[in-house]
Protein chains: 2
Amino acid sequence: MAEDVFKALADPTRRRILDELVERDGQSLFEICTRLVTKHGLGLSRQAVSQHLAVLESAGLVVTRREGRYKFHDLNTEPLKRIMTRWLRPGAPEDTP
Amino acid sequence: MAEDVFKALADPTRRRILDELVERDGQSLFEICTRLVTKHGLGLSRQAVSQHLAVLESAGLVVTRREGRYKFHDLNTEPLKRIMTRWLRPGAPEDTP
DNA sequence: TTGATAGGCAAGTCGCTACTTGCCTATCGT
DNA sequence: ACGATAGGCAAGTAGCGACTTGCCTATCAA
């Protein structure tokens with residue numbers, strides 16, 4: 001669980017995607033895709049972004065809702081909140097790697 | 001900078017090390033090593049731990065002080081604090097991947 | 001000074017992961 | 001019905017990252 005969140009956050013592109021979703025929630029795959037390419041000069045394929053979104057979703061950082069042929073992506077900060085305090089208050093470990 | 005912190009946090013063993021340092025600050029390499037092996041049944045070599053500590057240090061999460069033939073490791077939570085708020089308040093991106 | 005302890009350096013192996021390519025399904029407009 | 005749009009699945013490739021192995025340096029105790 002925490003494992004998935006940390007691994008999801010490890011990739012720069014995925015963090016960029018989260019940035020995008022903070023700025024505008026509920027974007028489709030193609031929207032995110034074009035945003036990443038145009039705004040930040042990242043050159044990546046649609047599938048690459050799709051796979052990143054899958055990682056973020058299975059980490060719980062992104063939730064999706066389908067409408068027709070569109071799939072919208074929303075940010076979910078709950079997993080983040082649960083993680084951040086881990087080393088800040090002395091001291092309590094929680095997850096099993 | 002932020003890149004290094006996220007990558008450092010991506011590994012379970014390194015998170016365990018941080019857990020150890022929260023619990024008892026200023027441990028040596030060998031102390032951390034034995035703790036990891038005995039308390040959590042992790043089977044890893046001294047060099048493995050040493051390399052993990054190097055990653056944590058260059059991410060700024062751990063600071064070291066040398067005394068004679070000992071090198072003590074202390075936790076530094078500053079990089080964490082700087083990172084956590086990134087996606088919590090809507091919205092402002094900050095690092096360049 | 002010698003041996004033991006604490007740590008560092010460098011090269012090599014292996015597995016995971018990010019990304020691509022190619023093809024397939026589903027929904028919408030006309 | 002047709003084509004175009006939005007997305008999914010699967011296999012393959014390449015590079016990075018965790019870990020090992022072997023050897024080397026430095027400090028302390030006897």
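Residue numbers begin at 1 in each chain, while the letters A, B, ... track the order of the sequences.
Taking only side-chain nitrogens and oxygens, S50(B) comes nearer than 4.0 Å to OP1 or OP2 of dG8(C). One finds a side-chain N or O of R14(A) lying less than 4.0 angstrom from the OP1 or OP2 phosphate oxygen of dA18(C). One finds a side-chain N or O of K71(A) lying less than 4.0 angstrom from the OP1 or OP2 phosphate oxygen of dG8(D). Contact check, K7(B) against dG17(D): a side-chain N or O comes under 4.0 Å of OP1 or OP2. Contact annotation: S45(B) side-chain N/O to dC19(D) OP1/OP2 distance is not under 4.0 Å.
Taking atom CG on D11(A) and atom C1' on dC19(C), their separation rounds to 11 Å, with Å as the unit. Between F30(B) atom CZ and dT5(C) atom C1' the separation is 7 Å, expressed in whole Å. In this structure, CZ of R46(A) is placed 14 Å from C1' of dA4(D), rounded to the nearest angstrom. Taking atom CG of residue L53(B) and atom P of nucleotide dA6(C), one finds them 15 Å apart after rounding to whole Å. In this structure, CD1 of I17(B) is placed 12 Å from C1' of dA18(D), rounded to the nearest angstrom. As a whole-Å value, the separation of L42(A) CG from dA18(C) P is 14 Å. For I32(A) and dG7(D), the CD1 to C1' distance is 13 Å, given to the nearest whole Å. In this structure, D4(A) places its CG atom 15 Å from P of dC16(C), rounding to the nearest Å.
Salt-bridge annotation for E3(B) and K7(B): present, with a side-chain N of the basic residue lying under 4.0 Å from a carboxylate O of the acidic one.
With hydrogens and angles ignored, no donor-acceptor pair closer than 3.5 Å exists between the side chain of R66(A) and the base of dG7(D). Side chain Q51(A) to base dT20(C): a donor-acceptor pair is found below 3.5 Å.
R24(A) places a side-chain heavy atom less than 4.5 Å from the side chain of R35(A). At a threshold of 4.5 Å between non-hydrogen side-chain atoms, the residues L9(A) and L61(A) count as touching.
L18(A) and L88(B) fall within the same hydrophobic cluster, defined by Ile, Leu, Val, Met, Phe, Trp and Tyr side-chain heavy atoms under 4.5 Å apart, directly or through other members. At a threshold of 4.5 Å between side-chain heavy atoms, the hydrophobic network of Ile, Leu, Val, Met, Phe, Trp and Tyr places V55(A) and F72(A) in two separate groups.
Distance CG/L44(B) to OG1/T13(B): 5.5 Å, rounded to 0.5 Å.
Of all nucleotides listed (dC19(D), dG8(C), dC23(C)), dC19(D) comes nearest to the side chain of A48(B). Considering only the side chain of R69(A), dT27(C) comes nearest among dT20(C), dT27(C), dA18(D). Of all nucleotides listed (dA10(C), dA18(D), dC19(C)), dA10(C) comes nearest to the side chain of Q47(B). Distance from the side chain of L29(A) is smallest to dG7(D) among dC19(D), dG8(C), dG7(D).
Each of R69(B), K71(B), R65(B) was scored for a salt bridge (Lys or Arg N to Asp or Glu O under 4.0 Å) with E67(B), with one residue passing: R65(B).
Nearer to the 5' terminus of DNA chain C, by closest-nucleotide assignment, is the contact made by L44(A) (compared with the other of Y70(A) and L44(A)).
Judged by distance alone, the side chain of S50(B) and the main-chain N or O of R46(B) form no donor-acceptor pair under 3.5 Å.
Helix bend of the helix from dT1(C)-dA30(D) to dT30(C)-dA1(D): the angle between its two end axes, each built from five pairs, comes to 30° after rounding to 10°.
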